[in-house]
**Student:** 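Submitted below is the structure of interest, expressed as structure tokens.
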Amino acid sequence: MFSKHFLKILIITTLLFTVLISACSFSPAEAVTDKPVAANGVLDLTDWNWEQDGIVSLDGQWEFYWQELLTPEDFQKTSTTAKKELITVPMAWNKYVINGEQLSGDGYATYRLLINTPKDQILGIKIPRIFTSYNFWVNGELITSNGKVAINKDQMIPQYLPKVKYIKPETDTMELVIQVANFRHRSGGILESLLIGPETQISEQRIRTLALELFLFGSLFIIGFYHLGLFIFRTKDRSTFYFGLYSLLISIRTLLVGEIFFIHLFPGFSWEIAHKLQTLSYYLGVPLLFMFLKSIFPNDISSRINNFIQAFGLSFALLVLLTSAKIFTQFNSIYQLFTLTLVIPYCLYFLFSVCYKKREGSYLIGAGVLVLILFTINDIVFLSVILNDSGNHFLRSFITRGNLSSWGLLIFVFAQSLVLAKKFSKSFTKVEFMTEELQHLNEGLEKKVKERTHALETSKKELEKAYQAVSNSEKSRQHLVQNISHDLRTPLTSIKGYVGAILDGIVKEPEQQKKYLGRVIEKVTSLNQMVQELMELSQLESRQLKLNFNPISIKLLIKSTAEKYSLDMKASKVKFQTNYPPGYIEETNWAEHLMLSLDIEQLDRVFTNLLSNALSHTSEGGSIDLNFDLTEDKKKLLIEVSDTGIGIPEEDLPHIFERFYKVSKARQISHKSSGLGLAIAKEIVEYHGGQIWVESEISKGTHFSFTLPIQDTNDLISD
């Protein structure tokens with residue numbers, strides 16, 4: 001039986017994974033506790049240490065000019081500043097009182113902030129969504145705009161598009177002027193914090209956030225299509241259909257929130273449609289989640305409550321489809337209240353009930369849903385009217401960002417995989433027990449050997465038929481995965497396929513099940529290797545992986561490399577030859593003063609990859625050359641790995657260093673390879689300041705070349 005101790009370990013793992021994702025998702029901009037805050041339209045950053053304290057948010061009191069679209073030139077007039085009000089940022093201007101009148105979301109205004117900061121340093125400003133159009137000036141220069149700012153609804157054009165802009169102040173005081181107009185959304189104004197910091201820190205934060213969102217989108221998108229594929233082949237299990245749709249909805253929402261990558265790809269896309277898609281993912285996500293849970297625990301969820309949730313969610317979805325954002329955003333708070341007061345409490349009660357009844361998989365599914373609920377509550381509060389219409393609400397101290405529900409869903413998927421592992425373990429234990437029992441009975445029933453033999457032969461034929469059916473099913477499943485996974489064939493698909501064959505009783509023979517288990521282990525190993533190499537490649541690309549650079553002479557590098565790979569290639573059936581630079585053999589002290597700065601361990605990965613590829617694609621009797629030389633300007637070491645193998649098609653050469661790029665079958669490396677070797681080699685060479693390229697011709701061989709910059713050693717020579 002599946003031990004309770006192991007179950008506790010799995011639940012703890014899920015919670016730790018939750019903490020990890022949460023930590024990775026939050027911005028480091030909030031790390032400093034004593035942040036400066038703007039007061040009376042001025043933010044003093046003269047004592048702010050950018051390198052030590054990092055990014056700071058431009059929160060606090062900004063100058064506010066209602067129903068005025070002012071430019072920096074207008075603020076040179078004394079009459080203009082006399083009209084100023086003060087408003088807290090971030091906060092919607094809804095319910096803000098001017099001259100005894102409470103503002104609505106419609107209107108236009110100008111924001112102004114003065115920042116005291118040292119000059120002559122390049123700074124980055126991270127601009128979030130601003131509701132719902134704006135023009136942005138810094139020190140009198142218009143640096144960016146979104147949509148079209150106007151004084152009426154007909155002329156105004158809304159747009160959400162977070163941006164990063166870089167500036168170099170020429171004085172000790174920066175003037176920020178923002179014109180904002182809104183006639184299309186319930187809320188107007190600056191609802192999220194603007195961030196300012198050193199160029200590198202702002203860029204790193206933007207890239208990190210965007211990478212996480214794209215990873216999240218890709219994961220949920222593939223998972224969604226995979227579950228829909230499972231439903232197509234097995235329509236009896238509707239849980240895969242509901243879960244697939246839910247994953248696709250949330251994956252689409254991921255591109256429309258946060259950095260809003262979708263609008264970066266399609267800047268002209270309709271703001272109204274984008275807003276509808278974002279809202280529909282929430283309104284339809286709640287009923288889809290309950291339909292999924294009811295398909296798994298049909299006897300534990302009240303049909304009346306489930307039907308009410310479906311009707312309520314569909315009603316609001318129709319409201320979104322049939323009305324404009326100006327109308328349906330007025331009702332967001334009602335659906336949020338419905339979720340917080342009815343859906344989530346009932347969901348918690350339901351989870352407690354199934355765990356109390358010890359339904360199969362209830363603990364792990366409960367843990368996953370609990371994480372999803374917590375992250376969803378965070379998003380609801382972050383986007384709620386309570387926070388948007390209040391500048392100093394106490395919830396802002398710990399609800400610092402939204403868009404965490406997508407991570408909650410990914411953790412929920414992880415919990416489901418643990419449920420699958422639990423079912424598989426129980427099934428395998430049961431098979432082992434039945435096998436032992438069968439062997440014991442056979443020892444005492446010698447008279448029935450012939451009957452047992454006949455029965456086993458019959459079972460063998462049935463298993464062969466079942467195996468053939470599984471084989472055909474596997475081919476169909478692989479074809480499906482190829483279509484939905486692009487070039488990245490996730491081992492998770494194969495793992496679930498093998499496990500499903502055992503759980504469904506298609507494979508009954510213990511030996512055959514062990515064979516399938518072996519395949520699962522292979523896929524898990526491949527997945528682990530792929531994840532590790534992807535992490536290394538990502539770290540190399542972002543330069544987060546710190547290489548251990550040490551000085552080494554070119555002569556020593558050539559000598560050690562030639563000796564090592566000459567020994568490694570002796571066992572092969574191809575001719576291996578090392579070609580040295582001119583004068584290398586004759587001169588004892590050949591260019592010992594020429595030095596390189598290398599991480600020799602990482603560079604060895606480049607040599608190993610290129611030589612192993614050459615060996616794999618060079619037939620017996622062919623040759624492989626390892627050539628060393630200096631470039632014409634004597635500033636770089638040129639290294640070339642040449643083979644007389646089958647070559648690479650011309651159309652594949654521009655893509656050979658891309659992730660997962662597959663060339664023709666004749667040139668493909670082992671199926672156990674992750675397809676990341678050349679991409680990693682390229683990043684290592686470029687990390688060293690060099691370049692790598694390839695030349696090839698079909699049937700005539702391939703030449704991989706790369707350079708390494710020579711270190712300036714004038715001081716060494718003089719010594």
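Only a predicted model underlies this, so the values are computations on that prediction, with no experimental measurement involved.
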**Student:** Please check if the distance between the ring centroids of F131 and Y160 is under 6.0 Å.
**Tutor:**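 So the answer is yes for these two rings.
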
**Student:** Can we say K126 and E259 salt-bridge, meaning some charged N sits less than 4.0 Å from an Asp/Glu carboxylate O?
**Tutor:**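 E259 and K126: salt-bridged.
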
**Student:** CG of L289 to CG of L284: how many Å apart, nearest 0.5 Å?
**Tutor:**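 It is 12.5 Å, given to the nearest 0.5 Å.
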
**Student:** Does the separation of the ring centres of F292 and Y246 fall below 6.0 angstrom?
**Tutor:**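 No, they do not, as the ring centres are separated by 6.0 Å or more.
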
**Student:** Just verifying a value: how many Å separate C355 SG and F350 CZ, rounded to the nearest 0.5 Å?
**Tutor:**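 Output value for this atom pair is 8.5 Å.
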
**Student:** Is the side chain of K276 donor-acceptor paired with the backbone N or O of V320 at a distance under 3.5 Å, no angle test?
**Tutor:**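 Yes: the side chain of K276 pairs with the backbone of V320.
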
**Student:** Look at atom CZ of F269 and say whether more than 12 heavy atoms of other residues, nucleotides or ligands are closer to it than 6.0 Å.
**Tutor:**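 Yes, enclosed.
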
**Student:** When the ring planes of F64 and Y96 are compared, do they come out parallel, tilted or perpendicular, using 30° and 60° as the limits?
**Tutor:**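 Perpendicular.
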
**Student:** Which is it for D106 and S104 under the side chain to side chain donor-acceptor pair (under 3.5 Å) test, yes or no, and what are the steps along the way?
**Tutor:** CA-CA 6 Å; D106 291 350; S104 67; 5.0 Å; no

**Student:** Can any side-chain N or O of N146 pair as donor or acceptor with the backbone N or O of I130 at less than 3.5 Å?
**Tutor:**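 No, N146 side chain to I130 backbone: no donor-acceptor pair under 3.5 Å.
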
**Student:** Less than 4.5 Å apart, any side-chain heavy atom of E85 and any of I98?
**Tutor:**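 Sidechains of I98 and E85: in contact.
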
**Student:** Search all heavy atoms of L69 against all heavy atoms of V180 and return the closest pair with its distance.
**Tutor:**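 Nearest pair, atom of L69 first, then V180: CD2-O, 4.4 Å.
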
**Student:** Can you name the nearest heavy-atom pair linking A150 to A181, along with the distance?
**Tutor:**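 Minimum heavy-atom contact is O-CB, 3.4 Å.
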
**Student:** Any luck finding a side-chain donor-acceptor pair between Y282 and T339 under 3.5 Å?
**Tutor:**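 Per modelled atom types, Y282 and T339 side chains form a pair under 3.5 Å.
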
**Student:** Whether the T144 and K165 side chains hold a donor-acceptor pair (N or O, under 3.5 Å, no angle test) is what I'd like checked.
**Tutor:**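 Side chains of T144 and K165: no pair found under 3.5 Å.
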
**Student:** How far apart are the closest heavy atoms of N306 and K294, and which atoms are they?
**Tutor:**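 N306 and K294 have their closest heavy atoms at ND2-CD, 3.5 Å.
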
**Student:** Please answer whether the main-chain N or O of D154 pairs with a side-chain N or O of N152 as donor and acceptor at a distance below 3.5 Å.
**Tutor:**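 At least one qualifying donor-acceptor pair exists.
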
**Student:** Given the side-chain rings of F221 and F225, with only the six-membered ring counted for Trp, is the space between their centroids under 6.0 Å?
**Tutor:**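 Yes: the rings meet the under 6.0 Å criterion.
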
**Student:** Is the gap between the ring centers of F231 and F241 under 6.0 Å?
**Tutor:**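 Yes.
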
**Student:** Measure across K357 and D300 and return the closest heavy-atom pair with its distance rounded to 0.1 Å.
**Tutor:**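 Looking at all heavy atoms of both residues, the closest pair is NZ-OD1, 3.2 Å.
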
**Student:** Is a side-chain donor or acceptor of W66 paired with a backbone partner of W93 at a separation under 3.5 angstrom?
**Tutor:**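 Flag not set: sc W66 to bb W93 has no pair under 3.5 Å.
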
**Student:** When you measure from the side chain of N307 to the backbone of S303, do you find a donor-acceptor pair of N or O atoms at a distance under 3.5 Å?
**Tutor:**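 Answer holds: yes.
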
**Student:** Does any part of the side chain of P90, heavy atoms only, come nearer than 4.5 Å to the side chain of L191, both counted from C-beta?
**Tutor:**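 Counting from C-beta outward, L191 and P90 never come under 4.5 Å.
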
**Student:** Please confirm whether the backbone N or O of G188 pairs with a side-chain atom of N94, one donor and one acceptor, at under 3.5 Å?
**Tutor:**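 Here the side-chain-to-backbone pair exists.
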
